[in-house]
Amino acid sequence: MKWSLPNNPQQLPLVMGILNVTPDSFSDGGRFDTLDATVDEVAAMIAAGADMIDVGGESTRPGADVVSLDEEWARVVPVIEAIRSRFDVPVSIDTTKPDVMTAATDAGASMINDVNGLEAEGALKAAAFARVPVCVMHRLGTSSNMQHNPAYSNVVDEVAAYLAERVCACTLAGIAKEQIAIDPGFGFGKTLEHNLELFKALPAFTSSQPVLVGVSRKSMLGAVLGREVNERLSGSLALAALAAWMGAAIVRVHDVAQTVDAVRITCAVRDVAYNNG
Ligand code: PT1
């Protein structure tokens with residue numbers, strides 16, 4: 001599927017539904033044991049208004065297990081093929097591995113979402129060769145060590161400089177600038193204060209490139225609200241609304257139906273526009 005990133009900051013943000021195909025995912029515990037159940041979940045997200053589906057075979061939450069290339073491949077490729085054969089929805093592949101990027105885009109994925117900023121050996125090349133939009137995210141450290149005392153002298157400046165450098169690396173590798181989304185990487189090697197400062201600074205990011213915001217059910221909500229992962233819907237919606245207000249191009253969420261309403265009413269006020277469907 002030929003698919004492009006939105007480039008109009010007055011547009012509604014796209015709602016990206018999260019599909020974890022991992023046995024150890026942080027908030028749904030890897031419920032999708034069979035391909036049929038996975039397909040049903042995707043159908044439900046599409047019915048709820050998802051604009052795209054983010055398929056991930058390696059959990060990147062703090063402390064998650066590392067997954068081998070073969071294992072990740074075996075998890076995501078059949079799922080992408082099953083989605084693409086049944087639905088006309090763009091799929092993004094959440095991976096840091098160049099071989100998975102290639103296999104996933106060959107199987108029909110329309111976007112590459114890399115929490116490692118396409119830094120792995122061969123990743124830029126694989127992404128450029130696939131000729132699909134990309135999302136490059138900032139993280140400090142790896143899933144296993146990123147929450148051990150993350151430190152910055154100025155978190156907003158450092159994350160912005162890193163993302164600008166990765167956008168430059170992507171364009172040098174042959175990826176069109178309009179096809180590069182950036183992501184500050186909420187919860188990836190950041191304290192609560194770092195996450196809040198970055199969120200407040202979103203307008204500075206959205207003015208340079210399309211921005212993807214992923215905060216759904218994350219521990220920054222738990223830290224402020226004192227709520228467990230399954231009690232973070234209201235907080236997640238408040239942040240999705242703020243991200244929409246500040247011009248995010250994509251919000252990556254678990255709760256698609258509720259988020260669609262939250263971003264639509266927020267953007268109706270922002271743009272003083274009424275559009276029933
Ligand atoms: C994200 C993201 C992602 N998050 C992009 N891809 C995850 N582009 C996976 C916690 O603090 O934000 N942007 N892919 C999930 N990762 C986490 C990180 C989950 C932190 C939970 C936490 O609870």
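Whatever order the structure lists ligands and atoms in, that order sets their numbers, starting from 1.
- Considering backbone and side-chain atoms alike, Gly214 places an N or O below 3.5 Å from some N or O of ligand 1.
- Under a 4.0 Å criterion applied to the non-hydrogen atoms of Asn113, ligand 1 contributes the atoms 5 (C), 6 (N), 8 (N).
- Here's the thing with Asp54: none of its N/O atoms is less than 3.5 angstrom from an N/O atom of ligand 1.
- At a 4.0 Å heavy-atom cut-off, ligand 1 does not touch Val229 at all.
- Atom CH2 of Trp3 has more than 12 neighbouring heavy atoms from other residues, nucleotides or ligands inside a 6.0 Å radius.
- Other residues, nucleotides and ligands place more than 12 heavy atoms under 6.0 Å from the OH atom of Tyr152.
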Applying side-chain hydrogen bond (donor to acceptor under 3.5 Å, both in side chains), run through Asp54 and Ser92 and close with a yes or a no. CA-CA 5 Å; Asp54 190 41; Ser92 88; 2.4 Å; yes

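- Every atom of ligand 1 with a heavy atom of Val115 under 4.0 Å away is listed here by number and element: 3 (C), 6 (N), 14 (N).
- In this structure, CD1 on Ile53 lies 5.5 Å from CD1 on Ile46, to the nearest 0.5 angstrom.
- Nearest-residue assignment for atom 12 (O) of ligand 1 (options Arg217, Arg252, Arg232, Lys218; heavy-atom criterion): Lys218.
- Residue Thr60 has at least one heavy-atom neighbour below 4.0 Å for each of these atoms of ligand 1: 7 (C), 9 (C), 14 (N), 15 (C), 16 (N).
- When each atom of ligand 1 is checked for a heavy atom of Met137 under 4.0 Å away, the hits are 1 (C), 5 (C), 13 (N).
- In this structure, CG in Leu5 is found 13.0 Å from NZ in Lys177, a value given to the nearest 0.5 Å.
- Counting heavy atoms from C-beta on, the side chains of Leu14 and Val251 never come closer than 4.5 Å.
- Every atom of ligand 1 with a heavy atom of Asp183 under 4.0 Å away is listed here by number and element: 1 (C), 5 (C), 8 (N), 12 (O), 13 (N).
- In this structure, Asp255 and Arg217 have side chains that are in contact, with non-hydrogen atoms separated by less than 4.5 Å.
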